[in-house]
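Beneath this line is the structure, given in structure tokens, with notes to follow.
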Amino acid sequence: MKPYIVSVDGPAASGKGRIAKYISKKWKLKHLDSGMLYRRLAYILIKDNINIKNPKEIQVKLDKLNGISFRNNKYLRSQAVSKASSQIAIHSIVRLFINRVQNSFVKENLEYNRFVIDGRDIGSVVFKNANIKLYIDVEPEIRAKRRYKQLIDSGEKSIYQKILKDIILRDKKDKTRKNSPLTIPKGSVIINNNGNFIRTIKQLKCYLDN
Ligand code: CDP
């Protein structure tokens with residue numbers, strides 16, 4: 001049977017992850033956070049001293065990788081890994097590699113048959129035929145405030161103005177890159193996540209309750 005997929009796309013720190021986790025729990029869908037895969041790969045490349053601007057060097061490492069861990073970890077959310085993940089995301093070899101990992105994840109978990117997958121290009125490229133496509137919209141200043149709080153709570157030193165600057169830069173990189181830029185996928189529902197979470201999840205019900 002064809003898998004049922006809900007895609008959740010949106011810019012940096014828009015709350016895609018929290019919304020996808022909520023959907024996963026409430027409507028019993030298997031969750032995949034594609035950003036975590038980009039972060040994990042960025043972390044591996046930094047650790048191995050690979051020049052992340054050089055696709056050839058990255059390819060050599062990808063050829064040696066057997067797979068990639070799906071596990072989340074605090075260090076994957078550091079500012080350095082965030083920046084590196086959007087730098088590697090511009091390379092088509094990286095995107096092909098991560099897209100393959102995502103497709104395998106769905107194939108290997110077909111017994112669940114229902115998935116919620118969040119990222120930047122899920123409804124537009126990776127799972128173009130997703131059953132429901134959500135696009136999460138939030139002002140950059142609100143995203144920076146939330147990310148600042150997350151980092152402070154996790155013990156990382158941070159400065160609000162720097163986070164805002166990084167978010168705006170990451171938005172620019174994600175929206176203007178040649179390969180799979182961040183766009184509002186055709187046929188998506190725009191979810192406004194500027195306000196509190198209860199207000200956000202109220203907008204989901206009519207699309208997911210059936
Ligand atoms: O949590 P946040 O929105 O800050 O980022 P993320 O979803 O964990 O993704 C980290 C980075 O990976 C993003 O800045 C994107 O550049 C890249 N990414 C992507 O290009 N395509 C995806 N499907 C997911 C993430």
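Each ligand, and each atom within it, is numbered from 1 in the order the structure gives. Because the structure is a prediction, the values reported are computed rather than measured.
Every ring-ring contact (aromatic ring centres under 6.0 Å, His included) that Phe105 has, sequence neighbours left out, goes to Phe70. Applying the ring-ring contact (aromatic ring centres under 6.0 Å, His included) test to Tyr43 and every residue at least two apart in sequence or in another chain returns Tyr75.
The shortest N/O to N/O separation between Ala13 and ligand 1 falls below 3.5 Å. Considering backbone and side-chain atoms alike, Asp118 places every N or O at 3.5 Å or more from each N or O of ligand 1.
For atom 9 (O) of ligand 1, the nearest non-hydrogen atom from the set Gly10, Gly35, Ser124, Pro181 belongs to Gly35.
When only non-hydrogen protein atoms are considered, atom 24 (C) of ligand 1 lies nearest to Ser34 OG, 3.4 Å. Shortest contact from atom 3 (O) of ligand 1 to any protein heavy atom: Lys16 NZ, 2.6 Å. In terms of protein heavy-atom proximity, atom 1 (O) of ligand 1 is closest to Arg77 NH2, 2.6 Å. Looking at atom 15 (C) of ligand 1, its nearest protein heavy atom turns out to be Asp174 OD1, 3.5 Å. Of all protein heavy atoms, the one lying nearest to atom 13 (C) of ligand 1 is Arg120 NH2, 3.2 Å. At the top of the distance list for atom 11 (C) of ligand 1, counting protein heavy atoms only, stands Ser85 OG, 3.3 Å. Closest to atom 8 (O) of ligand 1 among all protein heavy atoms lies Arg39 NE, 2.6 Å. Protein heavy atom nearest atom 21 (N) of ligand 1, with residue, atom name and distance: Arg95 NH2, 2.9 Å.
The environment of Lys128 atom NZ is sparse: at most 12 non-hydrogen atoms of other residues, nucleotides or ligands sit within 6.0 angstrom. Around the NZ atom of Lys205, the shell of radius 6.0 Å holds more than 12 heavy atoms that belong to other residues, nucleotides or ligands. Around atom NZ of Lys173, more than 12 heavy atoms belonging to other residues, nucleotides or ligands sit under 6.0 Å away.
The existence of a salt bridge linking Arg95 and Asp121 is confirmed by a sub-4.0 Å separation between a basic side-chain nitrogen and an acidic carboxylate oxygen.
Checked against Asp174 for a salt bridge (Lys or Arg N to Asp or Glu O under 4.0 Å), the options Arg177, Arg170, Lys172 give a single hit: Arg177.
The proximity of Lys173 to ligand 1, defined as any non-hydrogen pair under 4.0 Å, does not occur for either the backbone or the side chain. Proximity of Ala89 to ligand 1, defined as any heavy-atom pair under 4.0 Å, is confined to the side chain (atoms from C-beta onward). Looking at Arg143 against ligand 1, nothing comes within 4.0 Å, counting heavy atoms.
Atoms of ligand 1 lying under 4.0 Å from any heavy atom of Arg177, numbered from 1 in the order shown and given with element: 16 (O), 19 (C), 20 (O). Each of the atoms 21 (N), 22 (C), 23 (N) of ligand 1 lies under 4.0 Å from some heavy atom of Asp121. Atoms of ligand 1 found under 4.0 Å from any heavy atom of Arg170 (numbered from 1 in listed order, with element): 4 (O), 5 (O), 10 (C), 11 (C), 13 (C), 14 (O). For ligand 1, the atoms closer than 4.0 angstrom to any heavy atom of Ala12 are 3 (O), 4 (O). Atoms of ligand 1 lying under 4.0 Å from at least one heavy atom of Arg147, given by number and element, are 1 (O), 2 (P), 4 (O). Those atoms of ligand 1 that come under 4.0 Å of a heavy atom in Ser86, given as number and element, are 14 (O), 16 (O).
Side chains of Ile136 and Thr200 form no contact here, defined as non-hydrogen atoms less than 4.5 Å apart. Side-chain contact between Ser158 and Glu156: absent, with no pair of heavy atoms (C-beta onward) separated by less than 4.5 Å. Contact annotation: the side chain of Asp118 never approaches that of Ile19 to less than 4.5 Å [non-hydrogen atoms, C-beta and beyond]. For the pair Leu32/Ile122, no side-chain contact is recorded, criterion being any heavy-atom separation below 4.5 Å from C-beta on. Contact check for Lys16 versus Asn193: no side-chain heavy atoms found under the 4.5 Å cut-off.
Not a single heavy atom of Ser82 sits less than 4.0 Å from an atom of ligand 1.
Under the 3.5 Å distance criterion, with hydrogens and angles disregarded, no donor-acceptor pair is assigned to the side chains of Arg77 and Ser82.
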